[in-house]
Amino acid sequence: MSRPVYITTPIYYVNDRPHIGHAYTTMISDVVARGCRLQGRTVFFLTGTDEHGAKVEKSATARGVTPQALADVNAAEFQRVLRLFDISNDDFIRTTQPRHTRQVQAMIKALQARGAITLGTFSGWYDEGQEEYYTETRAKELDYKSPISGKSLIRASEENYYFRLSEFQGRLEEFFNANPDFIQPSGRFNEVRGRLREGLQDVPVTRTNFSWGIPFPDDKRHVIYVWIDALMNYASALGLAWPLARDLGVPSIEGCAGSTASGAGLESDDATLAQLYESRAHFWPAHTHVIGKEILWFHAVIWPAMLMALELPLPKRIHAHSFWIADGQKMSKSMGNFVDLETIDRFVAHYGLDAWRWYMATQGPLQAADADFRASHFHETYTADLVNLVGNCASRVGAMIAKYCGGTLPDDAERGGEWPIRCEKAIVQWREAMDAFDLNAAARAPLELLREIDAFIHHTEPFKLAKDPANLARVESILSQSARTIRVAGVLLAPFLPTKMDELATAFGGSALGPVHAAGSHCNEFDSVVSFHLPKVGVSIAKLALFPRIDIVASA
RNA sequence: GCCGAUGUAGCUCAGCUGGUUAGAGCGAGGGAUUCAUAAGCCCUAGGUCGGCGGUUCGAAUCCGCCCAUCGGCACCA
């Protein structure tokens, strides 16, 4: 029995509006989650929102609302977008939920008890206007003047609680040496190791200059720095610190407003929560934390060190993807080339949600290089892969079965010929690629199968054979083999194209796939679902046009 | 500035430890067909492998320098 799979996205900062960056991370995670469920693995797929910090406090003040009110509105927006994109997350965690804040306090207490968090003094060059500190080198670069106001920086110090990151250097290096696949892609791994070699400094985990955060236990002058709070969501969602919260006596949240939005049952009484968390604990350690490259350091170094201090197992893998750029330019709001929610909506409305997922998953910046978002490229990808290959292949076989076999799956005297083995190979490739988070390769395996079917039809020419009734058995074999192979390819494509492949599975095999990769479920019999032989002879086969040929979307 | 990466056909990229005429997909051009969503199939790209220099019998593949692009350099979510 394979391990349960815990897949996470970063929790999204509520100060942002949803854009392609969020959509991308979430969608590729969703593809993997669905791919795992399809294989019969038990999956817990988590996403959520990060709601604390000075920026949120500042924005809220500027708008004359409370930080919680702002967070509520924007968290709701993120949740709306998840539903819009049919994301199969199993939970949505918000860092203002008591279930989270309580456990964060417990973890902080535990870290303190173990000496991993201690009180210290920080001093540096402070910019009064910006309310931020600069490092010595940076301050020198700035000639000890604020880059914004030009006013002189002042030497200031403040008392903070520190996480003793420096003490974990050796253990982290050991861990990295033993786990060369921990950080993906490999270039990022080298980056982190290089930086690790330069040495680690302790990191402050509290702030005193604003109040919108989780109060530091037993010292109310401090709030927990938002980053630390945010990282802990991966543990709190599974309730890993729930026993700690109980044992350390963190009964309620002081000074931290409870949120109104929540997942099912997550604002329930302790007994219910305890039960829920018991059922989730086995998902740890995480199978993959999917993140963007800008937050790699926190996930690859600080988070593992905190887990070491908490004596929890470390995640199996961190996958740091790169960024989308747009039309060859770095995306920026001022440039007007930012792929925001409105732009995404326009593409989804024009090409369909599955097509959007396909473009994200197969053309995105999954590896070290940034990817360019271009309407023409989107259109070409849609047309070449989905219309001309997937759609057309199903269409021509469906049409021939309608014409020559009365619209039902014919018998095959050849028992599949070489196709069951070819399907088997594609399945193996697909599984390996999915495991390696190589979505491109995972998509290519079934696509290749369809190319082979196109070639098979081209060479055997069933449409010519059909003109002589004597060839009926051969025609039936060819079409049966083609239809069965297309169905198998469709199953493998389902994590990418859940809606359309459901239609295909229904049209070519009589039963939809739906639930097998949706949230909270999994496929009990993957081997049977992807079996070439699954559909029964005589089942009706419908001709269908999965992906209509359409004109390129008008640019905004 | 420091550390690291990348620079191969119009586009996106393969080319591991050096060795015959440098590859794939997409796009573009041409052709034969019709089961199919004008899809599929066949043929076609002659690209100084960023530049210069070096090592070698021989380099896209090793070394040096230069140019360009990109990433990291910690309190930034």
Side-chain angles (χ1 to χ4, degrees), chain A residues 10-16 49-56 95 122 124 132-135 137-138 141 160 162-163 165 186-188 190-195 197-207 225-231 291-298 301-302 320 322-323 325 328 330 362-363 367-372 374 376-377 379-381 383-404 440 444 447 450-451 453-467 475 478-479 482 543-550:
Chain A
I11 47 177
Y12 302 119
Y13 204 52
V14 287
N15 219 31
D16 269 349
T49 41
D50 180 11
E51 310 190 357
H52 292 121
K55 284 189 183 172
V56 174
T95 57
F122 172 83
E132 63 183 316
Y133 281 93
Y134 296 107
T135 58
T137 43
R138 177 72 179 142
E141 258 174 52
N160 273 319
Y162 280 80
F163 175 57
L165 184 61
S186 57
R188 300 279 166 224
N190 293 333
E191 223 168 81
V192 170
R193 296 184 88 173
R195 205 167 140 189
R197 268 195 296 276
E198 291 168 15
L200 292 173
Q201 287 174 28
D202 295 342
V203 290
V205 295
T206 61
R207 285 297 159 90
Y225 181 41
V226 62
W227 251 113
I228 302 305
D229 156 16
L231 284 170
I291 59 169
K293 61 185 176 183
E294 81 283 16
I295 54 178
L296 180 57
W297 183 251
F298 291 87
V301 175
I302 298 176
S322 302
F323 295 149
I325 59 176
K330 199 167 195 164
T362 64
Q363 305 297 320
Q367 301 303 316
D370 290 348
D372 194 7
R374 287 198 325 272
S376 60
H377 187 221
H379 186 78
E380 283 167 15
T381 303
T383 303
D385 294 343
L386 301 182
V387 179
N388 294 353
L389 186 53
V390 181
N392 184 63
C393 190
S395 170
R396 69 195 301 203
V397 170
M400 283 190 276
I401 287 178
K403 201 174 278 187
Y404 312 134
N440 223 310
R444 226 178 302 124
L447 242 45
L450 295 175
R451 282 205 176 91
I453 287 295
D454 270 337
F456 177 56
I457 292 168
H458 176 251
H459 285 118
T460 56
E461 301 183 309
F463 42 87
K464 282 186 182 163
L465 294 176
K467 287 170 183 165
V475 169
I478 293 167
L479 295 180
S482 298
K543 177 185 187 307
L544 73 177
L546 288 168
F547 299 99
R549 182 171 303 282
I550 48 184

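Each chain gets a letter, A, B and so on, in the order its sequence line appears, and its residues count up from 1. Bear in mind that the values here come from a model prediction, so they are computed numbers and not experimental data.
Note on Arg396(A): every side-chain N or O is 4.0 Å or more away from OP1 and OP2 of A39(B). Regarding contacts with the backbone of A36(B), a side-chain N or O of Lys403(A) is found under 4.0 angstrom from either OP1 or OP2. Phosphate contact (OP1/OP2 of C73(B), side-chain N/O of Arg195(A), threshold under 4.0 Å): present. Remark: Asn388(A) is not in phosphate contact with U37(B), judged by side-chain N or O atoms under 4.0 Å from OP1 or OP2. For Lys543(A) and U37(B), the shortest distance from a side-chain N or O to OP1 or OP2 is below 4.0 Å. Using a 4.0 Å cut-off, some side-chain N or O of Lys55(A) falls inside it from OP1 or OP2 of A77(B).
Partner assigned to U17(B) is none, using Watson-Crick or G-U wobble distances below 3.5 angstrom. Taking a pair to require two hydrogen-bonding distances under 3.5 Å in either a Watson-Crick or a G-U wobble arrangement, A24(B) pairs with U12(B). The partner of C35(B), taking Watson-Crick or G-U wobble pairs whose two distances both stay under 3.5 Å, does not exist in any strand shown. G71(B) is paired with C3(B) under the Watson-Crick or G-U wobble criterion, all donor-acceptor distances under 3.5 Å. Partner assigned to G58(B) is none, using Watson-Crick or G-U wobble distances below 3.5 angstrom. Pair assignment for C76(B): none, as no Watson-Crick or G-U wobble contacts are both less than 3.5 Å. Base pairing annotation: C65(B) forms a Watson-Crick or G-U wobble pair with G51(B), both donor-acceptor distances under 3.5 Å.
Comparing Phe323(A) and Ala384(A) by the nucleotide of RNA chain B that holds the closest heavy atom to each, the one mapping nearer the 5' end is Ala384(A). Both Ala455(A) and Ala399(A) lie close to RNA chain B; mapped to their nearest nucleotides by heavy-atom distance, the more 5′-ward contact belongs to Ala399(A).
The side chain of Ala369(A) lies closest to C13(B), out of U37(B), C41(B), C13(B). The side chain of Asp50(A) lies closest to A77(B) when the candidates are C41(B), A77(B), G25(B). Counting only heavy atoms from C-beta on, Phe463(A) has its side chain closest to U34(B) among G71(B), U34(B), C75(B). Distances from the side chain of Arg549(A) to the nucleotides C35(B), U37(B), G72(B) place U37(B) closest. The side chain of Asn392(A) has G40(B) as its nearest neighbour among A77(B), A74(B), G40(B).
A distance of about 15 Å separates the P atoms of A38(B) and A28(B), rounded to the whole Å. Going from the P atom of A45(B) to that of U6(B) covers 30 Å, rounded to whole Å. Spacing of P atoms, G51(B) relative to A9(B), comes out at 11 Å, to the nearest Å. To the nearest whole angstrom, the two P atoms, one in U69(B) and one in G58(B), are 35 Å apart. Going from the P atom of A59(B) to that of G18(B) covers 13 Å, rounded to whole Å. The separation of G10(B) from G53(B), taken at their C1' atoms, amounts to 31 Å, rounded to a whole angstrom. If you take atom C1' in C67(B) and the same atom in C52(B), they sit 10 Å apart, rounded to whole Å.
Asp370(A) and Lys293(A) are joined by a salt bridge, as a carboxylate oxygen and a charged side-chain nitrogen come within less than 4.0 angstrom of each other.
When atom types are taken as modelled, the side chain of Ser395(A) and the backbone of Gly391(A) share no donor-acceptor pair closer than 3.5 angstrom.
Among the protein residues, Pro462(A) comes within range of no part of the nucleic acid, since none of its heavy atoms lies under 4.0 Å from any strand. When heavy atoms are screened at a 4.0 angstrom cut-off, Arg188(A) is found touching the sugar-phosphate backbone but no base atom. Here Tyr225(A) lies in heavy-atom contact (under 4.0 Å) with sugar-phosphate atoms only. Across all strands, Gly391(A) comes closer than 4.0 Å to base atoms (heavy-atom distances).
Between the CD1 atom of Ile325(A) and the P atom of U69(B) there is a distance of 14 Å, rounded to whole Å.
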